[in-house]
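Structure first, then comments.
Side chains are part of it too, since the values below use all heavy atoms of this structure and drop only hydrogens, waters and symmetry mates.
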Amino acid sequence: MDEYRRIADRVEAAVRDGRLRPGDRLPPQRVFARRHGIANSTAIRVYGELARRGLVVGEVGRGTFVRAAPPLPGPALAEATGAAPVDLQLNYPAAEGQSELMARALAALARPDVLAEAVSRPAAAGGTPEAREAAAAVLARPGWAPDADGVLFAGNGRQAIAAALSALVPPGGRLGVEALTYPLVKAVAERLGIRLVPLALDAEGVRPDTLEAAHRAAPLAAVYLQPTLHNPLSTTTGEARRAELAELLRRLDLTAVEDTTWAFLVPDAPAPLAAHAPERVLLVDSLSKRLAPGLTVGYLVVPARFRTVAADALRSGAWTAGGLALAAATRWTGDGTVAEAVAAKRTDTGARHALLLRRLAGHTLRTSPHAYYCWWELPAPWRAETFTAAAAARAGVAVTPGSAFAVGRGTAPDAIRLGLASPPHAVLDEALTRLAAVAAEGP
């Protein structure tokens with residue numbers, strides 16, 4: 001076996017048996033080489049092998065830190081280390097009784113004539129008139145109602161985002177995004193060859209001056225924004241700022257993609273940016289958070305001048321909705337299932353928010369009583385990557401480091417996002433308690 005692999009095996013063994021703990025810092029590579037009597041080039045290969053195995057992470061300007069040994073089998077939260085993690089990364093809310101609610105519509109679809117209509121041919125990007133009217137009803141909110149003729153359908157919200165960006169931004173084009181943004185947008189941009197331009201944030205979201213400066217420096221093809229319950233910060237942009245951004249879009253001749261996937265949780269949210277500049281905003285939404293991710297539909301509300309190119313993007317990307325899912329979504333909207341699920345989830349967020357504030361009292365949190373997530377600015381000396389590793393190894397809890405949301409080459413924030421939606425309340429309560437203990441224990 002190559003020497004560097006033998007040495008990497010010894011380091012891995014030290015991680016597994018606890019001699020090296022998550023968050024421990026490895027010596028600089030030159031020091032490591034001297035201690036082991038090897039060449040600097042061999043030490044570099046050792047560190048590379050450890051990173052490949054997922055045991056360490058390098059932080060620019062800070063060093064190389066131990067992440068964690070691969071988790072051992074065991075029930076979640078049964079042991080302080082080695083337990084299968086409780087997942088606070090994924091964020092799929094489920095209301096009590098939700099499956100029974102959804103079953104009503106699915107039972108109606110089981111009729112042979114209805115089922116045949118739903119599965120006999122692929123759904124068009126524009127769906128059916130009935131589906132468009134149902135979508136317009138579910139997306140409407142105080143101060144705004146979409147034009148049903150402008151509604152297009154994707155398989156889910158992620159595909160709707162991909163289609164919108166594909167329609168607006170050519171390969172190599174520049175897309176303005178919040179400096180902390182939804183990680184999927186980063187992945188979609190990479191696949192489409194889109195260059196992301198980070199835009200500075202304040203307490204209300206994107207600052208208009210930084211958007212204008214970025215566009216003046218080199219023209220942006222479009223901008224992607226989350227004005228209501230920004231993920232991960234939970235901020236909601238006020239009416240005045242939305243009006244200012246809408247005017248700026250007109251003045252700069254820019255188009256925005258507005259992601260409102262989580263906005264349904266805020267009963268008194270301001271009207272969307274699309275209400276202020278309907279001719280310049282493509283609004284994205286979906287049913288996955290309102291209902292469930294397993295059978296969902298994505299919505300894309302498109303101004304008239306972009307409908308053809310957006311529909312073409314949906315078709316060429318194979319992102320259109322399935323006929324059965326679209327038929328079910330239309331029924332769930334019309335029979336009150338969506339409204340009941342939304343009401344239940346608005347109540348649920350309040351209960352989970354109370355657990356969060358109780359278990360992480362005294363910590364710096366950015367969240368909202370309407371949000372299913374929290375941005376936790378970690379206490380010193382914790383770093384996001386090392387805390388993420390320690391949370392998995394010591395507490396059996398998977399969290400998302402701030403680097404997953406950061407755009408650009410700046411230093412990633414020493415913060416993590418907690419997804420609060422998926423675990424049962426008792427499991428979430430225990431997970432938060434353990435995370436607080438890890439934070440207090442230190443690296």
Side-chain angles (χ1 to χ4, degrees), residues 139 152 154 156-202 204-215 217-237 241-242 244-246 248-250 252-263 272-286 288-289 298-303 306 309-310 313-314 317 319 373 404-408 417:
L139 295 174
L152 301 178
N156 53 46
R158 298 185 297 275
Q159 293 175 346
I161 291 171
L165 297 185
S166 178
L168 296 177
V169 188
R174 287 161 45 91
L175 174 70
V177 296
E178 296 120 334
L180 295 170
T181 194
Y182 179 28
L184 176 103
V185 172
K186 297 166 62 176
V188 169
E190 183 176 1
R191 287 197 297 272
L192 296 177
I194 293 171
R195 292 181 293 163
L196 298 183
V197 180
L199 306 174
L201 300 165
D202 62 16
E204 281 203 84
V206 162
R207 289 168 31 199
D209 63 320
T210 195
L211 171 56
E212 182 164 12
H215 186 65
L220 301 172
V223 59
Y224 167 87
L225 301 172
Q226 305 170 83
T228 304
L229 287 187
H230 173 276
N231 180 13
L233 299 179
S234 303
T235 54
T236 291
T237 303
R241 173 67 62 84
R242 292 174 192 237
E244 186 179 0
L245 287 169
L248 185 59
L249 292 175
R250 292 190 180 95
L252 299 179
D253 193 22
L254 267 176
T255 304
V257 177
E258 179 180 15
D259 189 343
T260 63
T261 300
W262 291 104
L273 189 60
H276 295 273
E279 79 287 4
R280 294 202 166 270
V281 177
L282 280 68
L283 184 141
V284 170
D285 211 316
S286 84
S288 62
K289 302 300 188 290
Y299 302 118
L300 190 55
V301 181
V302 186
F306 294 112
V309 67
L314 285 165
W319 294 321
Y373 37 87
F405 302 88
V407 179
R417 193 201 72 165

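Between atom CG of residue Leu245 and atom CG of residue Leu211 there is a gap of 7.0 Å, rounded to the nearest 0.5 Å. With rounding to the nearest 0.5 Å, the separation of CG in Asp253 from CG in Leu248 is 11.5 Å. A distance of 11.0 Å separates CG in Leu220 from CG in Leu196, rounded to the nearest 0.5 Å. Expressed to the nearest 0.5 Å, how far CD of Glu178 lies from CZ of Phe405 amounts to 12.0 Å. Taken to the nearest 0.5 Å, the OG atom of Ser166 stands 12.5 Å off from the CD atom of Gln159. One distance of note links OG1 of Thr260 with NZ of Lys289; it measures 12.0 Å at 0.5 Å rounding.
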Would Tyr299 and Val284 count as a side chain to side chain contact (heavy atoms under 4.5 Å, CB included) if you check the C-alpha gap in whole Å, the side-chain angles of each, and the deciding distance to 0.1 Å? CA-CA 6 Å; Tyr299 302 118; Val284 170; over 6 Å; no

For side chain to side chain contact (heavy atoms under 4.5 Å, CB included), just list the numbers for Leu314 and Leu152, CA-CA rounded to whole Å, side-chain angles, deciding distance to a tenth of an Å, and then say yes or no. CA-CA 9 Å; Leu314 285 165; Leu152 301 178; 3.8 Å; yes

Show, in sequence, the C-alpha distance, side-chain angles and deciding distance for Leu175 and Val197, and conclude whether the side chain to side chain contact (heavy atoms under 4.5 Å, CB included) test is met. CA-CA 6 Å; Leu175 174 70; Val197 180; over 6 Å; no

Apply side chain to side chain contact (heavy atoms under 4.5 Å, CB included) to Leu139 and Val301, showing your working. CA-CA 9 Å; Leu139 295 174; Val301 181; 3.7 Å; yes

With salt bridge (charged side-chain N to carboxylate O under 4.0 Å, His left out) as the test, would you mind laying out the steps for Asp259 and Arg158 before giving the verdict? CA-CA 10 Å; Asp259 189 343; Arg158 298 185 297 275; over 6 Å; no

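Two residues are said to be in side-chain contact when any heavy atoms from C-beta on lie closer than 4.5 Å; Trp262 and Tyr373 meet this criterion. Side-chain contact between Phe306 and Leu282 is present, with heavy atoms from C-beta onward closer than 4.5 Å. Side-chain contact check for Leu201 versus Arg207: every heavy-atom pair is 4.5 Å or farther apart. In this structure, the side chains of Arg174 and His215 stay at 4.5 Å or more apart for every pair of heavy atoms. At least one side-chain heavy atom of Leu249 sits less than 4.5 Å from a side-chain heavy atom of Leu273. Using a 4.5 Å cut-off on side-chain heavy atoms (C-beta onward), Val223 and Val257 make no contact. When side chains are defined from C-beta on, Pro303 does not count as touching Arg280, because their heavy atoms never get closer than 4.5 Å. For the pair Ile161 and Val185, the minimum side-chain heavy-atom distance is below 4.5 Å.
Asp285 and Thr261 share no donor-acceptor pair across their side chains, judged by distance under 3.5 Å alone. There is a side-chain donor-acceptor pair under 3.5 Å between Arg242 and Thr228.
A donor-acceptor pair under 3.5 Å is absent between the side-chain atoms of Glu258 and the main chain of Gln226, judged by distance alone. Looking only at distances, a side-chain donor or acceptor of Lys186 sits under 3.5 Å from a matching main-chain atom of Ala404. Proximity of a side-chain donor or acceptor of Thr235 to a complementary backbone N or O of Glu204 within less than 3.5 Å is not detected.
Heavy-atom minimum distance, Thr237 versus Gly205: OG1-CA, 4.3 Å. In terms of heavy-atom proximity, His276 sits nearest to Ala246 at CB-CB, 3.5 Å. The two residues Leu192 and Ala162 come nearest to each other via the heavy atoms CD1-O, 4.0 Å. In plain terms, the two heavy atoms of Leu168 and Ala221 that are nearest each other are O-CB, 3.9 Å. When every heavy atom of Ser234 is checked against every heavy atom of Leu229, the shortest pair comes out as O-CD2, 3.7 Å. Between Ala164 and Leu300 the shortest heavy-atom distance is CB-CD1, 4.0 Å.
Around the CD atom of Glu279, the shell of radius 6.0 Å holds more than 12 heavy atoms that belong to other residues, nucleotides or ligands.
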